*Asks:* 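One structure follows; several queries about it will come next.
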Amino acid sequence: MRELSENERELLAIVWRAGRMPRSDVNRHTRLAQQSVHRLLDGLREARMLSFGEAGIRGRGKPSPSVEIDGSHHTTVGLAINAEGMRYCVADLRGTPLVQGQLEAEPNDRPAVLAELERLLAGWRAGLLAGRNLIGMGLACQGYRTGPDDVFQPIKRLSSWRDVPLEALFRDRFGLPAFVENNASSSVVAEHFFGGGGGHDCFAYLSFNYGFGSGLMWQRRVFVGAHGNAGEMGPLFTEAQKPVRPALSGLIARLRAEGLQIATPAELARDFRPDWPGVRDWLEEIGPQMQLTVRALKAVADPGAIFFGGDAPAALRAMLIDVAGRGFGREASPSPLLLPSGIEGDASHLGAAFLPLHRQIY
């Protein structure tokens, strides 16, 4: 795919957000001259990034054709490097998933993961993606960054991915542009484009998985900070607080102590019941840390909303929101809305698939 100009990216974003619109209406959302807009739109159609539909009659004057994102040619691949399973997604230029699934390879067996993904890509190119242009690969990785932007320190169960330049590894192995963010930042991308975040220029996403993290969206762009770790919640808690931070590993341990055979966040999400013994005790225990989290986000980022997502099921998200809301008093300054994510389940693989689009196009 050729490199796009800033004006082309602006027009594609306008059309993406609208879904479909008359070509003549695009001018209302940009400061570009009408002649420039039409020229750029024609060029994007030639690049098979936009398609024009039948002209609609709207009052006097020449009817204007409709314009929308062309999802028939350009595609991306996303992979979430997650200890509970390596989820993937192939998406078109609209961000619509074409296929989703989970690799069979053990997540900590890096050679096996790369080999399986290579086999899948070969099969997709021969079938699903035949005649389509694969423009990039997005990666979502657990853990925090150190050193170079694309080197992460994930948990022990993903030790084979530590200190690995991920963008270079995937770019060289698959011959594609590669883009990487941590899981929570990838999820905030998914929330922005597919969940409830589209109505907020600034919002946060809380990812409740085996661990706990957050992502930040600022002025419709992911905010990662100077070292790429904005939203990393580990430094917020003292050593004494970390065992009672709102990570699902703590809830799973509590449920197992109560005799419930729950081993993974996926099993928790599938079978969760609010009346299980131990659930409310756990919520009471993690309450102060949950409230500290939302107060810190309000004080530092001033988000319009905080979305509760990750592997936490809908009923648990509602309970966490209730607990978190107690952290706000009668401050004079406005507090963010506390909302359940608009995406069911962990969204990091969806955000990973959209990362090449977010970085290169929208």
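Quantities reported herein were computed from a predicted structural model and do not represent experimental measurements.
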*Asks:* Indicate yes or no: at least one non-hydrogen side-chain atom of R173 is less than 4.5 angstrom from one of M137.
*Replies:*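 No, every pair of side-chain atoms sits at 4.5 Å or beyond.
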*Asks:* Flag the pair L320 / I286 as yes when at least one side-chain heavy-atom distance between them is below 4.5 Å, and no otherwise.
*Replies:*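 Yes, close enough: below the 4.5 Å cut-off.
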*Asks:* The criterion is side chain to side chain donor-acceptor pair (under 3.5 Å); which residues satisfy it with S341, sequence neighbours excluded?
*Replies:*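 In terms of side chain to side chain donor-acceptor pair (under 3.5 Å), with neighbours along the sequence ignored, S341 is linked to E191.
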*Asks:* With sequence neighbours left out, write down each residue that passes ring pair (Phe, Tyr, Trp, His ring centres under 6.0 Å) with F174, or none if nothing qualifies.
*Replies:*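 With neighbours one apart ignored, the set is F170.
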*Asks:* For the atom pair CG (N7) and CZ (R39), what is the distance rounded to the nearest 0.5 Å?
*Replies:*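 N7 CG to R39 CZ: 8.5 Å, rounded to 0.5 Å.
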*Asks:* Are side-chain heavy atoms of L169 and L114 found at a separation under 4.5 Å?
*Replies:*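 Heavy-atom side-chain distance check passes, below 4.5 Å.
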*Asks:* Salt-bridge test for E106 and R157: reply yes if a basic N is under 4.0 Å from a carboxylate O, no otherwise.
*Replies:*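 Answer for the salt bridge query: no.
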*Asks:* Any salt bridge (Lys or Arg N to Asp or Glu O under 4.0 Å) pairs touching residues 342-362, not counting sequence neighbours?
*Replies:*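 Checked against salt bridge (Lys or Arg N to Asp or Glu O under 4.0 Å) - neighbours excluded - the pairs reaching residues 342-362 are R87-D346, E181-R359.
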*Asks:* For the pair E267 (side chain) and A263 (backbone), establish whether a donor and an acceptor sit closer than 3.5 Å, ignoring hydrogens and angles.
*Replies:*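 Present.
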*Asks:* Tell me whether the count of non-hydrogen atoms from other residues, nucleotides or ligands lying under 6.0 Å of CZ in R270 goes above 12.
*Replies:*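 More than 12 heavy atoms, drawn from other residues, nucleotides or ligands, come within 6.0 Å of this atom.
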*Asks:* If every non-hydrogen atom of D42 is compared with every non-hydrogen atom of R23, which pair is closest and at what distance?
*Replies:*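 Taking every non-hydrogen atom into account, OD1-NH1, 3.6 Å.
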*Asks:* Report, one line per pair, each donor and acceptor closer than 3.5 Å where one atom sits in a side chain of residues 125-135; sequence neighbours left out.
*Replies:*
| residue | atom | partner | partner atom | Å |
| --- | --- | --- | --- | --- |
| R132 | NH1 | G71 | O | 3.0 |
| N133 | ND2 | H74 | ND1 | 3.1 |

*Asks:* Under 3.5 Å, which donor-acceptor pairs do the side chains of residues 250-259 form with other protein atoms, sequence neighbours left out?
*Replies:*
| residue | atom | partner | partner atom | Å |
| --- | --- | --- | --- | --- |
| R254 | NH2 | E285 | OE1 | 2.9 |
| R254 | NH2 | E285 | OE2 | 3.4 |
| R256 | NH1 | I262 | O | 3.3 |

*Asks:* Start with the C-alpha distance between M86 and L79, add both sets of side-chain angles, then the distance that settles side-chain contact (heavy atoms from CB on, under 4.5 Å), and finish with yes or no.
*Replies:* CA-CA 7 Å; M86 308 284 274; L79 178 69; 4.1 Å; yes
*Asks:* What distance do I81 atom CD1 and N182 atom CG have between them, rounded to the nearest 0.5 Å?
*Replies:*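 Reported value, rounded in 0.5 Å steps: 11.5 Å.
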*Asks:* Ignoring hydrogens and angles, write down the donor-acceptor pairs under 3.5 Å from the side chains of residues 311-318, residues two or more places apart or on other chains.
*Replies:*
| residue | atom | partner | partner atom | Å |
| --- | --- | --- | --- | --- |
| D311 | OD2 | N209 | ND2 | 3.0 |
| R317 | NE | A312 | O | 2.7 |
| R317 | NH1 | I343 | O | 3.0 |
| R317 | NH2 | G310 | O | 3.0 |
| R317 | NH2 | I343 | O | 3.3 |
| R317 | NH2 | G345 | O | 3.4 |

*Asks:* Mind checking what makes ring pair (Phe, Tyr, Trp, His ring centres under 6.0 Å) contact with F179, not counting sequence neighbours?
*Replies:*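 With neighbours one apart ignored, the set is empty.
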*Asks:* Could you measure the distance from the CD atom of Q289 to the CG atom of L236? Nearest 0.5 Å is fine.
*Replies:*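 It comes to 9.0 Å.
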*Asks:* Do the non-hydrogen side-chain atoms of P154 and R162 ever get within less than 4.5 Å of each other?
*Replies:*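 Side chain of P154 against side chain of R162, heavy atoms only: contact under 4.5 Å found.
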*Asks:* According to ring pair (Phe, Tyr, Trp, His ring centres under 6.0 Å), who are the partners of F272, at least two apart in sequence or on a separate chain?
*Replies:*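 Applying ring pair (Phe, Tyr, Trp, His ring centres under 6.0 Å) to F272 gives W276.
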*Asks:* Might you confirm whether atom CZ of R31 has over 12 heavy atoms from other residues, nucleotides or ligands at distances under 6.0 Å?
*Replies:*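 No, CZ of R31 has 12 or fewer neighbouring heavy atoms, counting only those of other groups under 6.0 Å.
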*Asks:* Could you note down all residue pairs passing ring-ring contact (aromatic ring centres under 6.0 Å, His included) where residues 225-262 supplies at least one of them, sequence neighbours left out?
*Replies:*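 Qualifying pairs: none.
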*Asks:* Any chance you could measure C89, atom SG, to L98, atom CG, to the nearest 0.5 Å?
*Replies:*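 Spacing of SG (C89) from CG (L98) equals 7.5 Å.
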*Asks:* Could you note down all residue pairs passing ring-ring contact (aromatic ring centres under 6.0 Å, His included) where residues 105-158 supplies at least one of them, sequence neighbours left out?
*Replies:*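 Only Y88-W124 qualify under ring-ring contact (aromatic ring centres under 6.0 Å, His included).
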*Asks:* Should we say atom CD of E284 is surrounded by more than 12 heavy atoms from elsewhere, each under 6.0 Å from it?
*Replies:*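 No, because the 6.0 Å sphere around CD of E284 holds 12 heavy atoms or fewer from other groups.
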*Asks:* Do L350 and P97 have side-chain heavy atoms sitting under 4.5 Å apart?
*Replies:*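 L350 reaches P97 side chain to side chain.
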*Asks:* Got a second to check how far L120's CG is from E118's CD, nearest 0.5 Å?
*Replies:*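 Here the rounded value is 10.5 Å.
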*Asks:* Salt-bridge test for E104 and R119: reply yes if a basic N is under 4.0 Å from a carboxylate O, no otherwise.
*Replies:*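 Looking at E104 and R119, the cut-off is not met.
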*Asks:* Is there a side-chain contact between T146 and D163 in this structure, where contact means two heavy atoms from C-beta onward sitting under 4.5 Å apart?
*Replies:*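 Yes, their side chains come closer than 4.5 Å.
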*Asks:* Residues in side chain to side chain donor-acceptor pair (under 3.5 Å) with S335, at least two apart?
*Replies:*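 For S335, the residues satisfying side chain to side chain donor-acceptor pair (under 3.5 Å) (neighbours in sequence not counted) are K298.
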*Asks:* Mind checking the CZ-NZ spacing from R245 to K242? Nearest 0.5 Å is all I need.
*Replies:*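 Going from the CZ atom of R245 to the NZ atom of K242 covers 8.0 Å.
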*Asks:* CZ of R9: more than 12 outside heavy atoms within 6.0 angstrom?
*Replies:*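 Counting other residues, nucleotides and ligands, CZ of R9 exceeds 12 neighbours.
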*Asks:* Between M290 and F212, is any pair of side-chain heavy atoms under 4.5 Å apart?
*Replies:*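 Answer yes - side chains close enough.
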*Asks:* Listed by chain and number, what are the ring pair (Phe, Tyr, Trp, His ring centres under 6.0 Å) partners of Y362, not counting sequence neighbours?
*Replies:*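 Scan of Y362 (ring pair (Phe, Tyr, Trp, His ring centres under 6.0 Å), adjacent residues dropped) gives W16, F354.
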*Asks:* For the residue pair S159 and N108, establish whether any side-chain heavy-atom pair is separated by less than 4.5 Å.
*Replies:*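 A side-chain contact exists here, since the closest heavy-atom pair is under 4.5 Å.
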*Asks:* Which atom pair, heavy atoms only, marks the closest approach of G138 to P356?
*Replies:*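 That would be N-CG, 3.7 Å.
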